[in-house]
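The next block holds one structure in the form of structure tokens; read it before the comments.
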Amino acid sequence: MTKTSLALKTLHAKPRKKDYEGGNENVDGHHLMSHFGAFLSHARSNPIVDSARSRYLQVKDVVPRGYSITVITESGLFGEPGSTYNVKTHEKTHEKSEDEAPTTESRLTVWAPPGATRLAIALEYKSGSVSGGGLVTSFREVMSERHPEFWFPYETVLEQSAWSASGQLLEVSVVQHTQPLNYSTGLDPDRTDEFVRGSVIHTAVPPRGTRYWPQEIWDRLRNRQIEAASFIGLRRGEGDLQDPDEDVYVTVERDGRQKKFALGTDGVPSVRALLTDHGQPPLDIPSFHREVDEQVKTFYKGLQKSWDPNWVNSEAAQQWVAHEWKA
């Protein structure tokens, strides 16, 4: 099992003209979530083939719940021939053509609490796999064609995260999945170019007598002003190879609670909540919903919005997924 993490993004409908009345609750007379429900109905019988990005996506299941909709997808890349191997026997089990897409399952949940000006979209990411974010991309493209009077901004939640902005940094860990054979002791000088597989975790904790790292350190790590490996003290020579799968984790404390995050590596200071680590099974749906609800609640409270736990009992999502577009 690979590690899974959760990223939060937002989506909203914005009229192109200032004097045009409309928004999330009124896109051609319907809530944006009603349009999303109609889109899902279409996508379930028409898998998404994104030739420009070489991505394939199927909607496997839709779970309406309160003011949210959870979508279970299978997605993957196509466009290149290849092979599938059994990692235990090293035998080839399948020859893949350029028209085939090996897929993995992932989930996303879209929340639209009453009065929210932005939909909150929680995306599950699996290490080394394509996420279900292509579903949102396709939805935006379809909506832009159907309703050109609107545009649909889609943004990553960055420093608005309360954990990111006000949490205290407890420790920093770098996980390396490839190490030189002579990594620590110079086992054999004649084999310095060989590497072995395996995970080595390097962790930096604050100096003795100090509970947290200074806020400046936390800020600079999030904003890529400090490389985590260098901060921890890993030395790289000019010829050293860096593992492209190298992971960086931080443990943060806020209001007496601790969370472990995987720092984003996509060029923006995003922070993803760690759901499961390598070797752990993915969360079941109830546990996934609890984690999503906590992240979404924190996000909206950071915007000074109220949160009602009874929203999960609403019938709104049932109505949204029942909506159909007119031909």
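Here the structure is a predicted model, which is why all the values come from computation and not from measurement.
R107 and E291 are not joined by a salt bridge, as no carboxylate oxygen comes within less than 4.0 angstrom of a charged side-chain nitrogen.
Put simply, the side chain of T73 never gets that close to the backbone of S75: no donor and acceptor are under 3.5 Å apart. Of the possible donor and acceptor atoms, none in the side chain of K305 sits under 3.5 Å from a partner among the backbone N and O of F299. A donor-acceptor contact shorter than 3.5 Å is absent between the side chain of Q318 and the backbone of E315.
L135 approaches V59 most closely through the heavy-atom pair CD1-CG2, 3.8 Å. In terms of heavy-atom proximity, Y300 sits nearest to A120 at OH-N, 3.3 Å.
In K96, the NZ atom is crowded: over 12 heavy atoms of neighbouring residues, nucleotides or ligands sit closer than 6.0 Å.
A tilted orientation is assigned to the rings of W311 and W111, their planes being inclined by 30° to 60°. Between F39 and F36, the two ring planes are parallel [angle under 30°; tilted spans 30° to 60°]. Note on ring orientation: taking the six-membered ring where Trp is involved, the planes of W325 and H35 are tilted (angle from 30° to 60°).
Under a hydrophobic clustering in which Ile, Leu, Val, Met, Phe, Trp and Tyr are joined whenever their side-chain heavy atoms come within less than 4.5 Å, directly or via other members, I285 and V110 fall into different clusters.
T137 and R140 form no side-chain donor-acceptor contact under 3.5 Å, judged by distance and modelled atom types alone.
Of the options D293, N313, T109, a side-chain hydrogen bond (donor to acceptor under 3.5 Å, both in side chains) to R65 is made by D293 and by none of the others.
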